[in-house]
Amino acid sequence: MKRIIALLGLVSLVGVAQAVNFTLTDGNAVVDGDDSILLYNWFTDGVDDLFNQDYYYRIGLNPEAQVSTLGNPVVNQIAANIVNVSFSNAMVRFDVTFTLIGGAPASGTSDIGEIVRVQNLTAQPLDFHLFEYDDFDLNATAGGDSAALLNSSTIMQWENLTTAMVGTVPPFDRWEIDFFPNILAKLTDGVADDLSNMTSPFGPGDATFAMQWNRTIVPNGTFIMSKNKRIEVVPEPATLAALGLGLAALARRRRK
Ligand SMILES: [Ca+2]
Ligand SMILES: [Ca+2]
Ligand SMILES: [Ca+2]
């Protein structure tokens, strides 16, 4: 049901163009993506923890749109574990390079590095807003996931012993954590929005989160953002207990 809702939303947005698929493999990990919604599977030791990871953008107060709607998709697979995907129109060129690093078999750990580049192709300053959207479904189930803002550049989602940590350089300007499909609806409702800077800690449930960068890109200038995503099955209960205490302290601070 979840996949049908998401697909209907995408079809209404971009039509039914044929997507070009790609697959990254390394060590114990496999990632599937395409040139429409970017990443949609991330297997670590055979367990798919990802429903979707995509980028959206907004120029000025125009509505947000998927970066794939910029047009001219180009998928350049550089190696078995590295792909560059670009989109462009007369104003903007967006490209992202994904690098998958897998762990040893049964380690429960793998990592995706991403470098995003946004180029202003015009001779005018560009009021550009980049949105990174993450829908992890940890342990291959949509439900049961919790999430929290750890610091100004990191959001973590977890379920039982499995964690997904996403960190960025530079730090994001705004963020949001909410139940599927609320953030997706915000990014596709035809109205200009900012992320809400809420809610942390969050869950459990079908968690999704997003990050937002606001930039005025100088004429013919570039904005570069790098991001790291790591899946880990935490082995020691002591680590989780410490994390739980930290989140409880955070919740107490927020209520004061
Ligand atoms: Ca989810
Ligand atoms: Ca789950
Ligand atoms: Ca919107």
Side-chain angles (χ1 to χ4, degrees), residues 1-10 12-14 31-33 37-70 108-110 112 127-149 155-166 172-214 229-234 240 243:
M1 187 59 185
K2 179 178 178 182
R3 192 164 292 275
I4 291 169
I5 291 170
L7 285 173
L8 284 174
L10 292 169
S12 64
L13 193 69
V14 300
V31 166
D32 296 310
I37 63 169
L38 295 176
L39 308 185
Y40 56 84
N41 290 327
W42 181 1
F43 297 91
T44 302
D45 291 315
V47 178
D48 178 13
D49 292 305
L50 183 70
F51 184 74
N52 184 217
Q53 192 246 311
D54 200 356
Y55 284 92
Y56 291 74
Y57 74 99
R58 168 160 68 76
I59 293 176
L61 289 176
N62 292 295
E64 298 83 27
Q66 280 181 298
V67 289
S68 59
T69 65
L70 288 168
T109 298
S110 69
I112 299 174
D127 180 10
F128 193 88
H129 307 264
L130 179 69
F131 299 82
E132 195 262 353
Y133 174 71
D134 293 271
D135 184 356
F136 287 94
D137 286 355
L138 298 178
N139 300 314
T141 60
D145 293 6
S146 298
L149 178 76
I155 290 177
M156 189 173 84
Q157 185 169 327
W158 68 94
E159 181 185 42
N160 301 326
L161 298 179
T162 303
T163 64
M165 192 172 296
V166 177
F172 39 85
D173 298 306
R174 303 188 68 83
W175 59 276
E176 186 163 338
I177 303 173
D178 204 347
F179 292 105
F180 176 88
N182 296 337
I183 296 176
L184 195 61
K186 175 178 270 192
L187 294 173
T188 56
D189 64 357
V191 177
D193 287 293
D194 285 317
L195 298 181
S196 64
N197 291 345
M198 294 168 67
T199 296
S200 176
F202 171 90
D206 184 354
T208 67
F209 61 88
M211 302 165 173
Q212 175 181 347
W213 293 262
N214 302 318
K229 301 202 297 283
R230 177 185 170 94
I231 292 281
E232 189 169 13
V233 179
V234 179
L240 276 187
L243 177 66

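Counting convention: from 1, in listed order, for ligands and their atoms alike.
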Can you measure from CG (D173) to CD (Q212) and round to the nearest 0.5 angstrom?
7.0 Å
Can you name the N/O/S atom of D137 that is nearest the Ca ion (ligand 1)?
OD1
For the Ca ion (ligand 1), which N, O or S atom of D135 is at the shortest distance?
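Closest to the Ca ion (ligand 1) among those atoms: OD1.
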N/O/S atom of G144 under 3.0 Å from the Ca ion (ligand 2), yes or no?
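No, G144 does not qualify, because none of its backbone or side-chain N, O or S atoms lies under 3.0 Å.
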Closer than 3.0 Å to the Ca ion (ligand 2), do we get an N, O or S atom from L138, backbone or side chain?
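Of the N, O and S atoms in L138, at least one lies under 3.0 Å from the Ca ion (ligand 2), which means yes.
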Taking the side chain from [X] and the backbone from [Y], do they hold a donor-acceptor pair closer than 3.5 Å?
| X | Y | value |
| --- | --- | --- |
| D49 | N139 | yes |
| D145 | L138 | yes |
| D45 | G108 | yes |
| R230 | T109 | no |

State, to the nearest 10 degrees, the angle whose vertex is the Ca ion (ligand 3) and whose arms point to OD2 of D193 and OD1 of D189.
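Seen from the Ca ion (ligand 3), OD2 and OD1 are separated by roughly 100°.
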Atom name in E64, limited to N/O/S, at shortest distance from the Ca ion (ligand 3):
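Checking each N, O and S atom of E64, the shortest distance to the Ca ion (ligand 3) belongs to OE1.
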With respect to the Ca ion (ligand 1), please indicate if D206 possesses an N, O or S atom at a distance under 3.0 Å.
yes
Does any N, O or S atom in A207 come within less than 3.0 Å of the Ca ion (ligand 1)?
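Here the distance criterion (N, O or S atom, under 3.0 Å) is met by A207, so yes.
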Can you give me the OG1-the Ca ion (ligand 2)-OD1 angle for T141 and D145, to 10°?
160°
Closest approach of [X] and [Y], non-hydrogen atoms and distance?
| X | Y | result |
| --- | --- | --- |
| S196 | E176 | N-OE1, 2.9 Å |
| A192 | N62 | CB-O, 3.7 Å |
| W42 | D48 | N-OD1, 2.9 Å |

How about K186: does one of its N, O or S atoms come closer than 3.0 Å to the Ca ion (ligand 3)?
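Short answer: yes, at least one N, O or S atom is under the cut-off.
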Any N/O/S atom, side chain or main chain, of V191 closer to the Ca ion (ligand 3) than 3.0 Å?
yes
Can you name the N, O or S atom of E159 that is closest to the Ca ion (ligand 2)?
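Sorting the N, O and S atoms of E159 by distance to the Ca ion (ligand 2) puts OE1 first.
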